[in-house]
**Q** 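The structure under discussion is supplied below as structure tokens; questions concerning it will follow.
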Amino acid sequence: MAKYHLTLAHLYGDLMNTYGDIGNITALQYYAGKMDTDIAVKVISIEENFNPDEFDLAFFGGGQDYEQTVVSKDIQGKKDAIKEFIEANKPMLAICGGYQLLGHYYIGAAGEKIPGIGALDHYTLSQDHHRFIGNITIKNEETGQVYHGFENHNGRTFLGKDERPLGMVISGHGNNGEDKTEGAIHKFTFCSYFHGPILTRNGELAKRILIKALENKYPDADLSQAKALTIKPTF
Ligand code: GLN
């Protein structure tokens with residue numbers, strides 16, 4: 001029996017889960033195990049209530065344009081709850097299609113406007129008959145950490161206020177192929193175009209997310225053992 005217990009909301013886990021993004025949850029559970037922590041996972045999908053008080057962390061994966069259109073309609077009803085979760089400094093990881101839907105809108109490959117919830121201040125345009133596909137490497141400016149992944153997206157995302165990039169592009173395309181940014185950070189919400197999944201290859205980011213979730217839930221606990229966890233490079 002683990003000492004600490006976290007509960008994770010897998011937002012639209014049955015619809016938004018491209019390229020094995022669910023592996024991010026496996027990675028979180030793996031590293032959590034090394035922190036004497038277990039994670040219970042609950043999928044929150046269409047017409048299901050999302051109560052931010054029930055969850056310590058959240059994951060929102062990528063998806064095809066069609067699934068994003070379906071989720072776009074439902075997520076408007078969860079907008080306030082998701083914003084409340086984010087603004088309460090609870091950690092969330094959002095990948096690709098999930099990242100796009102946390103912003104204002106995404107113009108899909110067929111030119112359709114898919115509304116997001118504007119929880120973060122970015123917007124996403126499309127590109128004609130082209131996708132950004134391939135390996136990508138970025139550097140997080142605050143920690144100096146280098147993250148490796150694989151991107152595959154039509155969308156070109158432009159960041160707004162109160163968000164900074166997850167990293168600056170060393171090689172690959174990133175958010176939009178223009179400004180060298182990749183992903184976004186607002187409070188403890190981390191967004192990225194990385195599949196792969198990002199946390200299986202970049203354990204330092206998993207550690208950051210888990211420690212924040214533990215600090216929130218167990219403010220008086222001595223988390224020095226968790227903080228001392230060494231992450232072995234996986235690439
Ligand atoms: N459909 C979106 C795009 O092509 C998101 C893709 C994804 O989540 N992999 O940009």
Side-chain angles (χ1 to χ4, degrees), residues 4-18 20-29 32 37-106 113-124 155 157 160 162-163 166 183-192 197-199 205-206 208-218:
Y4 306 111
H5 309 281
L6 297 174
T7 307
L8 179 145
H10 189 183
L11 297 175
Y12 303 98
D14 54 339
L15 290 164
M16 303 281 290
N17 184 24
T18 39
D21 286 341
I22 198 169
N24 287 305
I25 296 177
T26 309
L28 284 170
Q29 288 175 319
T37 300
D38 59 29
I39 304 181
V41 179
K42 188 173 171 188
V43 172
I44 302 288
S45 192
I46 302 291
E47 290 177 6
E48 290 173 345
N49 183 47
F50 173 61
N51 176 359
D53 298 335
E54 254 183 65
F55 297 100
D56 307 302
L57 65 175
F59 174 65
F60 193 4
Q64 289 89 351
D65 290 8
Y66 176 73
E67 280 76 9
Q68 284 179 272
T69 309
V70 174
V71 169
S72 164
K73 293 191 183 95
D74 184 85
I75 201 173
Q76 303 308 325
K78 296 180 175 64
K79 180 171 158 166
D80 292 342
I82 293 174
K83 281 186 180 174
E84 190 183 319
F85 183 92
I86 291 171
E87 295 305 312
N89 288 321
K90 291 190 173 186
M92 177 181 302
L93 175 68
I95 300 297
C96 205
Y99 167 27
Q100 294 168 350
L101 288 175
L102 288 186
H104 294 293
Y105 59 84
Y106 162 50
K113 187 170 183 174
I114 305 173
I117 56 169
L120 273 67
D121 194 33
H122 52 266
Y123 62 94
T124 304
T157 297
D162 291 334
E163 52 183 352
L166 177 65
I185 304 176
H186 167 76
K187 299 244 172 172
F188 290 88
T189 294
F190 300 89
C191 301
S192 177
I198 186 169
L199 297 185
L205 186 57
R208 197 167 163 187
I209 288 169
L210 288 167
I211 285 174
K212 183 61 187 168
L214 288 169
E215 283 175 343
N216 286 344
K217 183 158 184 194
Y218 301 98

**Q** Please list, chain by chain and in numerical order, all residues satisfying ring-ring contact (aromatic ring centres under 6.0 Å, His included) with Phe59, sequence neighbours excluded.
**A**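 ring-ring contact (aromatic ring centres under 6.0 Å, His included) list for Phe59, sorted by chain: His10.
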
**Q** How many angstroms lie between atom OG1 of Thr69 and atom CG of Leu101, to the nearest 0.5 angstrom?
**A** 8.5 Å

**Q** Nearest 0.5 Å, please: how far is CD1 in Ile44 from OH in Tyr12?
**A** 9.5 Å

**Q** Between the main-chain N or O of Gly160 and the side-chain N or O of Glu163, is there a donor-acceptor pair closer than 3.5 Å?
**A**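 It does hold such a pair.
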
**Q** Salt bridge (Lys or Arg N to Asp or Glu O under 4.0 Å) with Lys42: which residues, sequence neighbours excluded?
**A** Glu54

**Q** Restricting to side chain to side chain contact (heavy atoms under 4.5 Å, CB included), what partner residues turn up for Thr18, sequence neighbours left out?
**A**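 Testing Thr18 for side chain to side chain contact (heavy atoms under 4.5 Å, CB included), a comparison that skips the adjacent residues, returns Asp21, Gln64, His195.
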
**Q** Sequence neighbours left out, what passes side chain to side chain donor-acceptor pair (under 3.5 Å) with Lys217? Give chain and number order.
**A**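 In terms of side chain to side chain donor-acceptor pair (under 3.5 Å), with neighbours along the sequence ignored, Lys217 is linked to no residue.
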
**Q** Under the side chain to side chain donor-acceptor pair (under 3.5 Å) rule, what pairs show up with a residue in residues 43-53, not counting sequence neighbours?
**A**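 Qualifying pairs: Asp14-Ser45.
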
**Q** With sequence neighbours excluded, what pairs up with Tyr218 under the ring-ring contact (aromatic ring centres under 6.0 Å, His included) test?
**A**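 If we apply the ring-ring contact (aromatic ring centres under 6.0 Å, His included) test to Tyr218, skipping adjacent residues, the hits are Tyr4.
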
**Q** Which residues pass the salt bridge (Lys or Arg N to Asp or Glu O under 4.0 Å) test with Asp74, not counting sequence neighbours?
**A**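 Result, salt bridge (Lys or Arg N to Asp or Glu O under 4.0 Å) vs Asp74: Lys78.
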
**Q** Roughly how far, to the nearest 0.5 Å, is the CG atom of Leu166 from the CD1 atom of Ile185?
**A** 5.0 Å

**Q** Could you go through residues 83-96 and list every donor-acceptor pair under 3.5 Å that involves a side-chain atom there, pairing it with any protein atom two or more places apart or in another chain?
**A**
residue, atom, partner, partner atom, Å
Glu87, OE2, His186, NE2, 2.7
Lys90, NZ, Pro52, O, 3.0
Lys90, NZ, Phe55, O, 2.8

**Q** Using atom types as modelled and distance alone, determine if a side-chain donor or acceptor of Ser72 lies under 3.5 Å from a backbone N or O of Pro115.
**A** yes

**Q** Measure the spacing between CD1 of Ile82 and CD1 of Ile75 and express it to the nearest 0.5 Å.
**A** 4.0 Å

**Q** Apply side-chain contact (heavy atoms from CB on, under 4.5 Å) to Leu8 and Asp56, showing your working.
**A** CA-CA 6 Å; Leu8 179 145; Asp56 307 302; over 6 Å; no

**Q** Please identify each residue that fulfils ring-ring contact (aromatic ring centres under 6.0 Å, His included) with Tyr99, with sequence neighbours left out.
**A**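 ring-ring contact (aromatic ring centres under 6.0 Å, His included) check on Tyr99 returns His122, Tyr193.
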
**Q** Flag the pair Asp162 / Asp121 as yes when at least one side-chain heavy-atom distance between them is below 4.5 Å, and no otherwise.
**A** no

**Q** How many angstroms lie between OG1 in Thr37 and CG in Leu6, if you round to the nearest 0.5 Å?
**A**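 Going from OG1 on Thr37 over to CG on Leu6, the span is 5.5 Å.
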
